[in-house]
Amino acid sequence: MNKETTEIVKGLLSSPQNVAIIGHKNPDGDALGSCLGLSFFLKSLGHKTTVVMPNDFPLFLKWMPGVDDIVIYEKEIEKSSELIDAADLVFTLDFNSLDRVGDLQKVLENCTAKFVMIDHHQQPADYAVATYSDVKMSSTSEMVFHFMDALGEAEKLSKEIAVNLYTGIMTDTGSFRFSTSSPTTHRVAAKLIEAGAESAIINQNVYDNNSPERMKLLGIALNNLNILPELHTAYITLTQKELDKNNFKKGDTEGFVNYALSVKGVVFAVIFIENKQESIVKISLRSKGDFSVNDFARNHYSGGGHTNAAGGKSSQSLNKTISEFISILPRYKNELTHA
Ligand code: 5GP
Ligand code: MN
């Protein structure tokens, strides 16, 4: 975090504040880890904090320290709105545009609090009085560590903070596999382990809690895998029927797209998941090398994210979405080359 932003934040936190901390819709390990880690940190400085998430999150993250105190907007609309309206400061973490919080957007747009953004996605919007944005960072959770450091408060790192930040870094880097894991990311992870984050236990909590239904659904997803070798692309589809048949729960499809990306020669992988309730197809995109799925998601699916991991949605039917996808792909043939 640069000097100017650090000074602004120091000023904002110079007396006890009422703080609301917000993550993005469909919170993942990094959204939760960064928000909860920051919450424990700001509490240790004497501020009052509440973490508000737009909607619920998967069971495999419900063990994280502090999750029981999270207020979920979709479940407690009035309480969340009151909390945000009463806040002096609103921290928005792991997203950079107010359209990433679903219906919570109008509450944030109408509140009078000052905003601070901590985020690592591309193209940050301009709504905060202090914007700590760095697209090179592995995760927002890593940034919270640097944020504490910049404020000169690194010694406030507790076990609760460490476990949350480690979980966020681990999940956003695919367990330190993606190119966003820098030497600094590993140094931060080492400090978090020293502060009490037990890597093996955190890995087990996140990755070894698969329900039989999720495993069955993975079988169906892999069966639905389509490979387009000449375009170095692979995609997976899941219909609402297939989800229903396997008692789909939030988070059950997390990571499925990575199997498509793991196919030899594939540099671009997509999963299309039908969501009849919201009348959309949710789309997750992943790539290897220079092919920007952030650009692809922005151009075709009203979405965004990072160069190698992005998301978006389509309001067309699943079949139409797929046929359009197949028809636009050849335009990218020159970029879709094996690295
Ligand atoms: P996932 O595919 O796991 O949902 O998301 C991959 C990355 O893209 C995450 O960093 C996530 O925050 C971002 N992302 C997912 N969906 C959307 C979306 O609809 N819009 C934007 N701007 N980013 C998204
Ligand atoms: Mn993230």
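Treat the numbers as computed from the prediction; the structure is a model and nothing was measured. Remember, it's 1-based here, ligands and their atoms both numbered in the order they're listed.
Considering backbone and side-chain atoms alike, S302 places every N or O at 3.5 Å or more from each N or O of ligand 1. For ligand 1, the polar-atom distance check against D28 finds no nitrogen or oxygen pair separated by under 3.5 Å. Considering backbone and side-chain N/O of I283, none are found under 3.5 Å from N/O of ligand 1. Below 3.5 Å of separation, one finds no N or O of D94 facing any N or O of ligand 1.
Using a 4.5 Å heavy-atom threshold, the side chains of R100 and D94 count as separate. In this structure, N164 and F40 have side chains that are in contact, with non-hydrogen atoms separated by less than 4.5 Å. Annotation: side chain of F176 is not in contact with side chain of S138 (no heavy-atom distance under 4.5 Å).
Shortest contact from atom 23 (N) of ligand 1 to any protein heavy atom: G304 O, 3.0 Å. The single protein non-hydrogen atom nearest to atom 16 (N) of ligand 1 is K282 NZ, 3.1 Å, given as residue, atom name and distance. For atom 15 (C) of ligand 1, the closest non-hydrogen atom of the protein is G311 CA, 3.4 Å. The nearest heavy-atom contact from the protein to atom 12 (O) of ligand 1 is R100 NH2, 3.0 Å.
Looking only at its N/O/S atoms, D30 has OD2 as the one nearest to the Mn ion (ligand 2). When you scan the N, O or S atoms of D94 for the one nearest the Mn ion (ligand 2), you land on OD1.
Between E7 and K3, no side-chain nitrogen of the basic residue sits less than 4.0 Å from a carboxylate oxygen of the acidic one, so the salt-bridge criterion is not met. Salt-bridge formation is detected for the pair K159/E198: a Lys NZ or Arg NE/NH1/NH2 atom is positioned less than 4.0 Å from an Asp or Glu carboxylate oxygen. With respect to the salt-bridge test (charged N to carboxylate O, under 4.0 angstrom), the residues E274 and K276 qualify.
Listed by atom number, the atoms of ligand 1 under 4.0 Å from S284 heavy atoms are 1 (P), 2 (O), 4 (O).
Within a 6.0 Å sphere centred on CD of E230, heavy atoms belonging to other residues, nucleotides or ligands number more than 12.
By the 30° and 60° cut-offs, the orientation of the rings of F325 relative to F272 is perpendicular.
Contact between H121 and ligand 1 is present, with at least one heavy atom of the residue lying under 4.0 Å from the ligand. Look at H306 and you'll find a heavy atom under 4.0 Å from some atom of ligand 1.
For R286, every heavy-atom contact with ligand 1 shorter than 4.0 Å involves the side chain, none the backbone.
Among the atoms of H120, an N, O or S atom falls under 2.8 Å of the Mn ion (ligand 2). Inclusion of D172 in the first shell of the Mn ion (ligand 2) is supported: an N, O or S atom falls under 2.8 Å. The Mn ion (ligand 2) does not have D28 among its coordinating residues (no N/O/S atom, backbone or side chain, under 2.8 Å).
Side-chain rings of F91 and F115 stay apart, their centers remaining 6.0 Å or farther from each other. Taking the six-membered ring for Trp, F60 and Y207 have ring centres at least 6.0 Å apart. The distance between the ring centers of H232 and F268 does not fall below 6.0 angstrom.
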